[in-house]
2 protein chains.
Amino acid sequence: MKTSRLTSNDRAVLLGSRLFANLPAPAAEAVLEGATISRHEAQDVLFHQGDAIEHVFFVVSGLVRLYGTGKGGREADIAVFPRGALFGEKAVFLDQRATAHAQAVHPSIIAKLDGPRLCRLVREEADVAWALLELLCRHGQMTEKRLAEDRLLTAPQRVANYILGQCPGDSPAFTFRLPFQKNVLAGKLGLAPEALSRAFSTLRQSGVIVKGRLIEIRDREALERF
Amino acid sequence: MKTSRLTSNDRAVLLGSRLFANLPAPAAEAVLEGATISRHEAQDVLFHQGDAIEHVFFVVSGLVRLYGTGKGGREADIAVFPRGALFGEKAVFLDQRATAHAQAVHPSIIAKLDGPRLCRLVREEADVAWALLELLCRHGQMTEKRLAEDRLLTAPQRVANYILGQCPGDSPAFTFRLPFQKNVLAGKLGLAPEALSRAFSTLRQSGVIVKGRLIEIRDREALERF
DNA sequence: CGCGCGTTTGAGCATGCTCAACATGAGTGG
DNA sequence: CCACTCATGTTGAGCATGCTCAAACGCGCG
């Protein structure tokens, strides 16, 4: 892992992300001031539970998973962050240590925003505060939704749900490409890889065809009924 | 359910809660401006998934649970809010409809803060924005922690965890009273009531004695090992 | 006293995990 | 371009956990 300054491409990705979308340019620039970039190989651990966190992390490219650990080295994914996602902000704002581990799933470029500086900006710049408030609300809702899903849905239902979440508004049939290995999807859905595989098998009879990372849905209705 | 203005006792509870703890008096007053109070019987539904939400809710007294529903009327608790807790804020700030149902578990007094007004205050008053940001961070962390627990811990482990969370810092033995029925605890922990009962049975051999709502822990170490 | 709710206990069952074997596929080097 | 290799994905069998359904229990309250 090595650290450097932002390239102009990095800046473009950052400024184009949801967080910055509704932020006036000066405020956005202020947030980026002092940010650094680091590159990580797949499997690199960005931080461990209990680490002191001094930065808010932003995925410029790649994929990062946030996970907790239990007895015997068992791991459970809490969230998976694609390009454009922000994480680590809760620990920073609460001035706490990390409550989970973070690991790069793909080779990743990560922007690190200066934590204390961001805290100050939040207190001073209403626009920044509002942007982060919205972001936290969205994160919170995602997590709550996932919690409810875990408790309500079977494996095939969760997978069906995920697939429907990937598909555009109303088309009855469509195809898309998984943005990561099935491995990772299984973790995200709280399933063992074998369970995911079997869930896909089950869904085949509802018109879901899986070829590698390509998912083809023939009958949206059937999926929704699941 | 009937609606009225805040009593001075209501104000006291609100101003003493975590949200207002670090808020200067004028800002706190501004937040409370226009708030109303409503009383609810146990089992009353405050709102359903999909309802338009115009208020941020605050539990002055009683207990409220937030839950999602699945096929066949199955329910899964997302959170349980005791006195002093705030909820509904995510839907309000994102200007969305409710993503879950809320139901009074005990007879409850609920303060309703005017949503649009609060949004405006957040944008104008840095103190208010910061207070809500912290609150959202705490909520988010709780939810994430629960998600990880669900996926990592068995029923007895979750119960042991809950018990340890209720106990003061370091005492090796202690006793406390459940703040609600076992029923509700089961929901909060994502268990069927029967599973909770059996978990308590299991924990008996680790020095946990349950008499009605009274929980007595003889050996804290044994619980942590679980 | 008896009704009703909350809790406990029991038995059977479904879901998903573990472990292991096997298949597939991508990447590497000859 | 093929062969080899390692990682990834699939399939199978057995098992553990927790859910469902049903019945008994206990306690509070009319």
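Reminder, nothing fancy here: chain letters follow the sequence lines and each chain counts from 1. Just so you know, these numbers use all the heavy atoms, side chains as well, and skip hydrogens, waters and symmetry mates. Owing to the predicted nature of the structure, the values given are computational and were not obtained by experimental measurement.
Whole-Å rounding puts the A:Leu191 CG to C:dT18 C1' distance at 15 Å. In this structure, A:Leu214 places its CG atom 16 Å from C1' of C:dA26, rounding to the nearest Å. Spacing between atom CG of A:Leu178 and atom C1' of D:dG9 amounts to 13 Å, rounded to whole angstrom units. Rounded to whole angstrom, the span from the CZ atom of B:Phe226 across to the P atom of D:dT17 amounts to 10 Å. The CZ atom of B:Arg74 sits 11 Å away from the C1' atom of C:dT15 (whole-angstrom rounding). Here C:dC17 presents its P atom at 10 Å from CG of A:Asp150, a figure rounded to the nearest Å. With rounding to whole Å, A:Lys211 atom NZ is found 11 Å from C:dG25 atom P. Residue A:Leu152 contributes atom CG, which lies 11 Å from atom P of D:dT20 at whole-angstrom precision.
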Return all side-chain donor-acceptor pairs below 3.5 angstrom for residues 75-84 of chain B, not counting sequence neighbours, or 'none' if the list is empty.
| from | atom 1 | to | atom 2 | distance (Å) |
| --- | --- | --- | --- | --- |
| B:Glu75 | OE1 | B:Arg65 | NH2 | 2.4 |
| B:Asp77 | OD1 | B:Arg65 | NH1 | 2.3 |

Notebook entry, point to check: Should B:Ile110 and B:His40 be marked as a side-chain contact (heavy atoms from CB on, under 4.5 Å) after you check the CA-CA gap, both sets of side-chain angles, and the distance that decides it?
Noted result: CA-CA 8 Å; B:Ile110 305 294; B:His40 301 267; 3.6 Å; yes
Next item on the list: Please lay out, stage by stage, how B:Cys137 and A:Leu136 fare under the test side-chain contact (heavy atoms from CB on, under 4.5 Å).
Entry: CA-CA 7 Å; B:Cys137 287; A:Leu136 279 165; 3.8 Å; yes
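In this structure, A:Arg151 reaches neither bases nor backbone, as no heavy-atom distance under 4.0 Å exists between it and the strands shown. The residue A:Gly72 sits apart from the nucleic acid: no heavy atom pair falls under 4.0 Å.
Considering CG of A:Leu189 and CG of A:Leu185, their distance stands at 4.5 Å, rounded to 0.5 Å.
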Next item on the list: Go along nucleotides 2-12 of chain C 5' to 3' and tag each nucleotide: B for a protein heavy atom under 4.0 Å from its base, S when only backbone or sugar atoms are that close, - otherwise.
Entry: ----SSSBBB-
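By the 4.5 Å heavy-atom criterion applied to side chains, A:Thr202 and A:Val159 are not counted as neighbours.
When the options B:Gln141, B:Glu144, B:His139, B:Glu134 are evaluated for a side-chain hydrogen bond (donor to acceptor under 3.5 Å, both in side chains) with A:Lys90, the one that passes is B:Glu144.
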